[in-house]
Amino acid sequence: MSIRIPEKPGLEGLDERWSNQWESDKIYRFDRSAPREGVFSIDTPPPTVSGSLHVGSACSYTHTDIVARYRRMRGDAVYYPMGWDDNGLPTERRVQTHFGVRCDPTLTYDASFVPDDRAGKLPSGHRAVAISRRNFLELCGRLVAEDEVVFERLWRRIGLSVDWELTYTTIGERARRASQRAFLRNLARDEAYQADAPTMWDVDDQTAIAQAEIEDRELEGSYHRLAFHRVDGGGDVHIETTRPELLAACVALVAHPDDARYQPLFESFVRTPLYDVEVPVLAHRLADPEKGSGIAMICTFGDTTDVVWWREMQLPTRSIIERNGRISEERPEVITTDRGRANYAEIAGKNVKQAQARVVELLQATGEMIGAAKAITHPVKFYERGKRPLEIVASRQWYIRNGGRDNDRRAAFLRRGEELDWIPGYMKARYDSWVEGLNGDWLISRQRYFGVPIPVWYRVDAHGEPNFDDRILPDESVLPVDPSGETPPGFTDAQRGVAGGFVGDSDVMDTWATSSLTPLLASYWEEDPDLFARVYPMDIRPQAYEIIRTWLFSTVVRSHYETDCLPWKHATISGWVLDPDRKKMSKSKGNVVGPMDWIDKYGADALRYWAGSARPGADTAFEEAQLKVGRKLAVKVLNASKFVLGIAGDDSDDLDKICEPLDRAMCAQLAILVDEATVAFEAFDYARALERTESFFWDFCDNYLELVKSRAYSTGAGRDSAAVSLRLALNTLLRLFAPFLSFATEEVWSWWQ
RNA sequence: GGGCCGUUAGCUCAGGGGGAGAGCACUUCCUUGACACGGAAGGGGUCGACAGUUCAAAUCUGUCACGGCCCACCA
């Protein structure tokens, strides 16, 4: 044994040195011979690489690393992969702004295309260059490759003990293959299906959106009171609406069956203002007598209640909003009067806002709007990344059954939630309320480009029309496929889009449809059965609470279908990192704190310490002061270790030499600490383990070390007792600290071993 | 409308039936040979409010208030 202790130990350079050493020694490689019961496997969240890196990411990934390091010290073979979520709309958007391009799938590939790297810095008037789908996808791939390098550098720097041979991306070939394979199996088992139905639609991104991606925002709006005219000449019926621009899409009025005011009108007809279309007055339980005038107009489609009414009462479809958010140029056929046509021409081609303003002017001019608009604020549905309210558009989409329309499945998924060990336990309530509140199946198709293609072709009939019920599916062995570029078996490319030929499904799957497979993907499902059996189902899913309804739930759904079990035993849910003013950090607010600068200033251990003090599930404010405390602690560990090893570096570990009462008392306390920390770690309460260890350690330094100093410098049995005790304490404390202060403890270990 | 979490020192938070705690900040002092990126001493709180259970409540129960969040509704 040789002890080489630096004259003046310091933290400078430890992060770089040890993270490089760990990688070159490959000490975090998974042991593929470990039996399942000796494995601890982690379904690492693949970070969205186009997202911003802030200390929140560093914090939650450190939590998982703390757990991983603890399990490894307990003797487990830790399976700790890393994925990159590069698939999806965030990347497309970044490519669009970064390179100043937009995808036009009608263009052909231009191999000589060179993007303008300065485009992102050009003035906003700069027009996006239209490029082919393939060119666009190439740029996506190029940008995410750069992003992934930045992420990996950060993860290594904060000391994540990831097995860097186990990386995957959600757009990579393995992910596309797994995602398409899982989809085809869902389809074969009737867990996936296609339907032409009204769906929530983002008019800017021009794609359908799933319920899980929708959020409410409070918006200014106003009630407009409109006069419908009774066909029997009995006068007017007044309704109130926040969306007068949809008047041309009105298909009925509706009131509650028990509402005496409107009972005489049920089954009679009224004429719409401006357009003179006759619509029925109907009764339905969902009509609320308390709202507005108690009678509402049903439009196809103003909100989700309209969809319910439309479906349950089998009303006609009279859509006027196009996929781009503008009023259709094509007038509904039912508008036949001259003034109806003229009034429609006034709004055709306008966007929703413009159309609303014009409709109100027209209504005021005809006197069919009663009084002034009443300003209100009301919740409006938005795509969570969107800028304009969602519209409801009828379109053909793919769905996966998630219990939203099926009580047996819903109950099965609620039971899966019961089976799962939630940390902290109260996070389960979010899962339950989400599953209980589902109002439809999971819409997985997106009318976008940078995603996993839906692996389906359709036969084209003799008239040249695709028959969406006549599907051609690829064999699993040829996956992944791109139906937009590849030809189904038995066809030639010349038959694409022609009568008797085929067309490829042009949609891609939503990114959650692929990331819901991370436990399968990371475990090499169907690719390495031996490995899969050793690591799946996995032990933990670490993630943030805000994606319980998306990532966690959808993963439970997919694993339930594919492997008939939970994908993991425990879900460790981390909180948010807030800025020092307790506001959520977000790029748009400009309050994002980047981790690298802080690591440069205080060291990775300081950041790990700060992260380790955050309790599972709790929001944490970013505090520079805590980094200073962490740094101070790491320095203290180095100095105390230098002292202990300076005295007892060459002593034995013969515990029988511990004879002094003071030493024995300290060792007894140490044993209690180990028990407490172990219990805490086993329950994933790393913050408590850290707090107990830290508290013991400072007391150890300030009191025990001072008391024992003179004896330790002397000779005889008392000195030996002190020396052996010091070695034991240091050895133990280094282990307890190692999951947190991984660099400082590794440094000390290297002096000693 | 239903639900979850929180409210303890100036700040960040731990504790969880019987002494009100830690770190930071603040005050005073100490270049003692592991460490000045250190150490010693100290001031500072009716533990959100009210009621109940109990010999005893910051801690358990209930009600309420405030803050944050989730779900539903959203004409």
Side-chain angles (χ1 to χ4, degrees), chain A residues 5 7-12 211 215-216 218-219 221 223-226 238-244 246 250 253-255 286-299 302-306 309 376-381 424-439 545-546 548-549 575-576 578 580 582-584 602-603 606 610 613-615 617-647 687-688 690-692 694-695 698-699 701-703 705-706 709-710 712-713 726 730:
Chain A
I5 306 173
E7 199 57 34
K8 193 139 179 72
L11 297 175
E12 279 61 39
Q211 183 184 358
E215 66 181 22
D216 283 350
E218 283 291 327
L219 231 57
Y223 277 124
H224 304 77
R225 195 174 182 93
L226 311 186
H238 292 173
I239 63 104
E240 288 197 357
T241 180
T242 54
R243 301 208 56 186
L246 290 177
C250 177
L253 298 190
V254 65
L286 285 183
D288 183 352
E290 303 296 315
K291 276 190 188 144
S293 59
I295 185 165
M297 72 169 180
I298 304 174
C299 303
D303 61 36
T304 49
T305 319
D306 280 343
W309 283 324
I376 54 158
T377 58
H378 62 150
V380 176
K381 290 194 188 308
Y426 57 77
M427 287 296 176
K428 178 175 169 291
R430 290 172 187 253
Y431 178 92
D432 289 341
S433 60
W434 175 253
V435 177
E436 283 160 6
L438 287 168
N439 57 27
Y545 57 70
E546 109 264 16
I548 287 174
R549 69 182 197 173
W576 277 96
L578 309 172
R582 311 231 93 223
K583 296 277 184 299
K584 190 172 143 184
Y602 296 108
W610 164 73
S613 339
R615 310 197 91 79
D619 290 345
T620 317
F622 179 76
E623 243 197 313
E624 186 172 356
Q626 282 302 106
L627 296 186
K628 291 184 186 168
V629 174
R631 182 180 173 85
K632 203 171 110 170
L633 177 64
V635 169
K636 192 77 172 178
V637 166
L638 295 180
N639 282 314
S641 301
K642 179 187 168 202
F643 172 66
V644 169
L645 293 175
I647 286 170
R688 176 183 286 262
L690 173 59
E691 190 263 327
R692 301 304 306 142
E694 185 185 6
S695 163
W698 283 108
D699 182 66
C701 290
D702 296 344
N703 297 310
L705 287 189
E706 296 302 330
K709 219 174 229 177
S710 57
Y713 280 130
L726 286 169
L730 180 65

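In what follows, chains are A, B, ... by sequence order, proteins preceding strands, each numbered from 1.
Separation of the C1' atoms belonging to B:G62 and B:C69 is 24 Å when rounded to the nearest angstrom. Rounded to whole Å, the C1' atom of B:G45 lies 15 Å from the corresponding atom of B:G19. Only the C1' atoms considered, B:A20 is 10 Å distant from B:G15, to the nearest whole Å. Annotation: B:C13 and B:G68 have their P atoms spaced 15 Å apart (nearest Å). For the P atoms, the distance linking B:A57 with B:C11 amounts to 28 Å, nearest Å. Comparing the C1' positions of B:G21 and B:U63 gives a spacing of 30 Å, expressed to the nearest Å. Separation of the C1' atoms belonging to B:C26 and B:G67 is 28 Å when rounded to the nearest angstrom. With both ends at atom P, the span from B:G48 to B:A14 equals 13 Å, rounded to whole Å.
Across all non-hydrogen atoms, the minimal contact from A:His378 to A:Gly221 is NE2-CA, 4.0 Å. Of all heavy-atom pairs between A:Arg430 and A:Ile548, the closest is CD-CD1, 3.9 Å. Heavy-atom minimum distance, A:Val635 versus A:Leu11: CG2-CD1, 3.7 Å. When all heavy atoms of A:Glu706 and A:Asp702 are compared, the closest pair comes out as CG-O, 3.2 Å.
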- Query: How does each nucleotide of nucleotides 5-10 of chain B score, in 5' to 3' order, for protein heavy atoms under 4.0 Å: base (B), sugar-phosphate only (S), or none (-)?
  - Reply: S-----

- Contact letters for nucleotides 29-41 of chain B, in which S counts primed atoms plus P, OP1 and OP2 and B counts the base, heavy atoms under 4.0 Å: -----BBSBSSS-

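Residue-level contact check: A:Arg243 touches neither bases nor backbone, having no heavy atom under 4.0 Å from any strand. Nucleic acid contact class of A:Leu286 (heavy atoms, under 4.0 Å, all strands): base. When heavy atoms are screened at a 4.0 angstrom cut-off, A:Gly292 is found touching no nucleic acid atom at all. Residue-level contact check: A:Tyr545 touches neither bases nor backbone, having no heavy atom under 4.0 Å from any strand.
Checked by atom type and distance alone, the side chain of A:Thr620 never pairs as donor or acceptor with a backbone atom of A:Ala614 at under 3.5 Å. Judged by distance alone, the side chain of A:Gln211 and the main-chain N or O of A:Leu438 form no donor-acceptor pair under 3.5 Å.
Distance A:Gln211 CD to B:C70 P: 15 Å, rounded to the nearest Å. Straight-line distance from the CD atom of A:Glu624 to the C1' atom of B:A25: 14 Å, rounded to whole Å. Rounded to an integer number of Å, the gap from CG of A:Asn439 to C1' of B:A72 is 10 Å. Put simply, CG on A:Asp288 is 18 Å from P on B:A72, counting in whole angstrom units. Rounded to an integer number of Å, the gap from A:Glu546 CD to B:G68 P is 18 Å. With rounding to whole Å, A:Trp610 atom CH2 is found 11 Å from B:C13 atom P. Rounded to whole Å, the distance from CG on A:Leu578 to C1' on B:G67 is 13 Å. In this structure, A:Glu290 places its CD atom 15 Å from C1' of B:C74, rounding to the nearest Å.
Taking side-chain N and O atoms only, A:Arg549 has a distance below 4.0 Å to OP1 or OP2 of B:C71. In terms of phosphate contacts, A:Gln626 brings no side-chain nitrogen or oxygen within less than 4.0 Å of OP1 or OP2 of B:A22. Regarding contacts with the backbone of B:G15, a side-chain N or O of A:Arg688 is found under 4.0 angstrom from either OP1 or OP2. At the phosphate of B:C74, OP1 or OP2 sits under 4.0 Å from a side-chain N or O atom of A:Thr305.
Atoms CG and CG, from A:Leu730 and A:Leu705 in turn, are 9.5 Å apart once rounded to the nearest 0.5 Å.
The ring pair (Phe, Tyr, Trp, His ring centres under 6.0 Å) search around A:Phe622 returns A:Trp598, A:Trp610, not counting sequence neighbours.
Sequence order on RNA chain B of the closest nucleotides to A:Ala429 and A:Ala618 puts A:Ala429 first from the 5' end.
Across all strands shown, B:C69 forms a Watson-Crick or G-U wobble pair with B:G3, both key distances being under 3.5 Å. Summarising the base pairing, B:G62 is matched to B:C50 through a Watson-Crick or G-U wobble pair whose two defining distances lie under 3.5 Å. Pairing for B:A34 is absent, judged as Watson-Crick or G-U wobble with the two contacts each under 3.5 Å. In this entry B:C26 has B:G42 as its Watson-Crick or G-U wobble partner, both defining distances falling under 3.5 Å. Nucleotide B:G16 is matched to nothing when pairs are restricted to Watson-Crick or G-U wobble geometry with both distances under 3.5 angstrom. The partner of B:A57 cannot be assigned: no Watson-Crick or G-U wobble pair with both contacts below 3.5 Å exists in any strand.
Cation-pi check for A:Lys709 over A:Phe643 is met; the charged atom lies under 6.0 angstrom from the ring centroid and within 45 degrees of its normal.
Salt-bridge formation is not detected for the pair A:Arg688/A:Glu691: no Lys NZ or Arg NE/NH1/NH2 atom is positioned less than 4.0 Å from an Asp or Glu carboxylate oxygen. Using a cut-off of 4.0 Å between Lys/Arg side-chain N and Asp/Glu carboxylate O, A:Glu436 and A:Arg549 are scored as not salt-bridged.
Judged by distance alone with a 3.5 Å cut-off, a donor-acceptor contact links the side chain of A:Asp216 to the base of B:C73.
Picking from B:G16, B:C70, B:C73 the nucleotide with the shortest atom distance to the side chain of A:Pro379 gives B:C73.
The shortest distance between side-chain heavy atoms of A:Asn439 and A:Thr304 does not fall below 4.5 Å.
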